[in-house]
Amino acid sequence: MLDENTAPEVRTANGRVRGRVRDHVATFRGIPYAQPPTGRLRFAAPAPASPWDGVREAAEFGSPAPQAQIMSPGPAGNPETTGDDWLTVNVWTPQPDSAARLPVMVWIHGGGWMFGHGGDPAYDGTLLAREGGVVLVTCNYRLGMEGWALLEGAPANRGLLDQIAALEWVRENISGFGGDPHKVTVFGQSAGAGSVAALLAAPRARGLFRRAIAESVTGSLLSPELAADISGAVAAELGLRPIVTDLAAVDPEFLARTGDLVAASLPERAERWGAFAYSPSPYSPVVDGAVLPRSPWEALAAGAGRDIELLTGHTRDEFRTFAAARLGSIGDGEADAALSALAPEPGGAPAFRAAYPGATAEELYLTVTSDWLFRMPSLHLAECQSAGGGAAYVYELTWRSPGMGGALGAPHILDTPLVFGTFTADPAPFLFGDPPSPRARALSELVRARWAAFARGGDPGWPEYVPPRRVTQILDNDPVVVAYPEDASRRLWERHRFDQLPLASIWQQVSD
């Protein structure tokens, strides 16, 4: 075991770094994997980090990228950007020795592509590294307009390019921290899972990881036309155009907050942006034909993931997180609008109602939004992976949160504290209680063990998801393996194709 009084040093391609030891795990924080994306590098693809002399202290996390505030998960809001070193990685390792050859897990944080950072206490890698015997890496990447807006004069999907650069850093440097660069698992939740899905389809990411875990995959991938329209709407709030020369003089922190205005008005933009107006964020990866040539579902169905093992799944009650303030008051009008916009063809809203004959208006609303945004994109990712000849494993988290008196059910983001065991960091106390129950802790131990086992050998401990059996691991107080349980939704969405979202056709006709 590592001595708590030591400060281990590791040599990277750019210079030596000095970490700290806590709870027998060495932690190295704030290591640059690319140059700060400011000045001439703002809105550009990430540039390799500059070397340094001597030993760099790796005791503090790098600055978070400029953050939105409207989607803040806690009452204190999101952290301020304190410097320009946004593009950094953090490493937790139980054995910083190049001979260890431990499996590596690289976490891509969620946050609607608007907020979040690798130094969030919710993503502390100590338990997962120590108990799972893995090297855990988290990273920051550009958010909002800086990372995801489609801008004239800039490459698309800059946030995705940042993530690829972080994975390239892992390939080149992780052996010194005790990791095996040939045994890398990339994993993430929500926007992080959407990023993982995009990485599976990105040619530049090929060969950078061996396995992938996608928790609650988002289905809101953008077409270039819709992405350009969204960027134009954000820039218009400043009286500017969505081009680099206009936006380069805008303070990054201020630009991040401008996106909040468009996020708040998403429900009012359904006529122009169609189903995307039901997304909680105005940002998402764009199928640009270069960084992301096609959707993850199309890519996997064509065999892009044949040599990668995939673990994916969702919570049972995904959208309750976003509708928490309105639970108990969602009526026929909201349900009708959501069903009209989101229910899949053939059959649309009538078929959806027929599949859930006893459901209330609120239940219909929550089911169709959960299906469209997270549940079915996750399931279809597994279906496409299996169809393309790759291995897929599926889970559903059904453990009932005590938050709001149990009204949340098993909501979006419930899985994150379970994966990391970080029950004292937001949002865990709200979702699990303070302190969490022994059953919650036991479930967390199970999830961490299964995720680490998958990272070690590609087998999480239950059978592959292969139609027609569709074996699924239920994560609850009494974990069981069953056929995929949300069969009514699966059948409704069976013929739906998740792909890039267009501008609503009515507006395209007007513009023509």
Side-chain angles (χ1 to χ4, degrees), residues 193 214-220 275 278-279 297 301 312-323 327 330-387 392-401 406-412 414-415 462-476 478-499:
E215 308 166 22
S216 303
V217 179
T218 56
S220 53
Y278 284 85
S279 171
W297 302 275
T312 187
H314 55 77
T315 70
R316 182 183 56 203
D317 306 299
E318 292 277 5
F319 205 75
R320 285 179 177 265
T321 297
F322 304 97
L327 292 176
I330 297 171
D332 290 331
E334 283 186 271
D336 289 345
L339 288 168
S340 176
L342 305 179
E345 298 295 339
F352 210 97
R353 290 183 181 277
Y356 292 96
T360 65
E362 181 164 284
E363 288 168 343
L364 287 168
Y365 173 86
L366 294 170
T367 301
V368 74
T369 48
S370 293
D371 278 356
W372 176 77
L373 192 53
F374 298 112
R375 299 202 312 179
M376 293 304 107
S378 302
L379 182 69
H380 280 218
L381 202 69
E383 294 266 3
C384 292
Q385 170 74 342
S386 180
Y393 299 86
V394 171
Y395 72 89
E396 182 179 41
L397 175 58
T398 60
W399 191 86
R400 191 178 186 89
S401 165
L408 291 173
H412 191 67
L414 185 71
D415 45 345
W462 68 86
E464 285 184 39
Y465 180 97
V466 180
R469 291 186 62 214
R470 297 184 170 87
V471 173
T472 303
Q473 173 70 62
I474 302 301
L475 298 174
D476 210 324
D478 298 306
V480 294
V481 175
V482 300
Y484 182 69
E486 310 302 338
D487 201 55
S489 286
R490 183 191 68 78
R491 291 180 179 276
L492 283 166
W493 294 86
E494 193 168 23
R495 293 170 59 183
H496 181 80
R497 180 185 176 193
F498 283 95
D499 202 348

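This structure is a prediction, so every number in the text was calculated from the model and none was measured.
- Taking all atoms of both residues into account, the shortest heavy-atom contact from Ala382 to Ala392 is O-CB, 3.8 Å.
- How far CG of Leu475 is from CH2 of Trp399: 12.5 Å, rounded to the nearest 0.5 Å.
- Using cut-offs of 30° and 60° on the angle between ring planes, the pair Phe498 and Trp493 is parallel.
- Side-chain atoms of Glu362 come within 3.5 Å of backbone atoms of Ile330 as a donor-acceptor pair (strictly under, hydrogens ignored).
- Using a 4.5 Å heavy-atom cutoff, the side chains of Trp297 and Pro377 are in contact.
- Rounding to the nearest 0.5 angstrom, the gap separating the CG atom in Leu492 from the CD atom in Glu486 is 11.5 Å.
- With hydrogens and angles left out, the side-chain atoms of Tyr395 and Glu215 include no donor and acceptor closer than 3.5 Å.
- Across Tyr278 and Ala341, no two heavy atoms sit closer than the pair CE1-CB, 3.5 Å.
- Side-chain atoms of Glu363 come within 3.5 Å of backbone atoms of Thr360 as a donor-acceptor pair (strictly under, hydrogens ignored).
- For Ser220 against Ser279, the heavy-atom pair with the smallest separation is OG-OG, 4.2 Å.
- For the pair Leu397 and Leu414, the minimum side-chain heavy-atom distance is below 4.5 Å.
- In this structure the side chain of Glu318 never reaches within 4.5 angstrom of the side chain of Pro411, judged on heavy atoms.
- Taking 4.5 Å as the limit, some side-chain heavy atom of Pro344 sits within range of a side-chain heavy atom of Phe352.
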Quiz item: Can you check side-chain hydrogen bond (donor to acceptor under 3.5 Å, both in side chains) on Glu383 and Tyr465, steps first, answer last?
Solution: CA-CA 8 Å; Glu383 294 266 3; Tyr465 180 97; 2.7 Å; yes
Exercise. In sequence, state the C-alpha distance, the side-chain angles, and the governing distance for His412 and Phe319, and then conclude on ring pair (Phe, Tyr, Trp, His ring centres under 6.0 Å).
Key: CA-CA 6 Å; His412 191 67; Phe319 205 75; 9.1 Å; no
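- Formation of a donor-acceptor pair under 3.5 Å by the Ser378 side chain with backbone atoms of Val217 is found in this model.
- Looking at Arg490, Arg491, Arg497 one by one, the single match for salt bridge (Lys or Arg N to Asp or Glu O under 4.0 Å) with Glu494 turns out to be Arg490.
- Considering all non-hydrogen atoms of both residues, Gly348 and Ala343 come closest at C-CB, 3.5 Å.
- Proximity of Phe374 to Thr315: side-chain heavy atoms (C-beta onward) are nowhere separated by under 4.5 Å.
- Using a 4.5 Å cut-off on side-chain heavy atoms (C-beta onward), Ser489 and Tyr356 make contact.
- With hydrogens and angles disregarded, no donor-acceptor distance shorter than 3.5 Å links the side chain of Arg320 to the backbone of Ala410.
- Checked for salt-bridge contact, Asp336 and Arg353 meet the test: a charged N lies under 4.0 Å from a carboxylate O.
- By the 4.5 Å heavy-atom criterion applied to side chains, Pro479 and Ile474 are not counted as neighbours.
- To the nearest 0.5 Å, atom CG of residue Leu366 and atom CZ of residue Arg316 are 12.0 Å apart.
- One finds the CZ atom of Arg470 at 7.5 Å from the CG atom of Asp487 (value rounded to the nearest 0.5 Å).
- Once rounded to the nearest 0.5 Å, the distance linking CZ of Arg375 with OG of Ser370 reads 5.5 Å.
- The side-chain contact (heavy atoms from CB on, under 4.5 Å) search around Ala275 returns Leu342, Trp372, not counting sequence neighbours.
- Note: Leu379 CG to His314 NE2 = 6.0 Å, rounded to the nearest 0.5 Å.
- The main-chain N or O of Gly347 is found under 3.5 Å from a side-chain atom of Glu345 such that the two form a donor-acceptor pair.
- Contact detail for Ser386 and Pro467: the closest heavy-atom pair is OG-CD, 3.7 Å.
- The closest donor-acceptor contact from the side chain of Gln473 to the backbone of Val480 lies under 3.5 Å.
- A donor-acceptor pair is defined here as one N or O able to donate and one able to accept, closer than 3.5 Å; such a pair exists between the side chain of Trp462 and the backbone of Val394.
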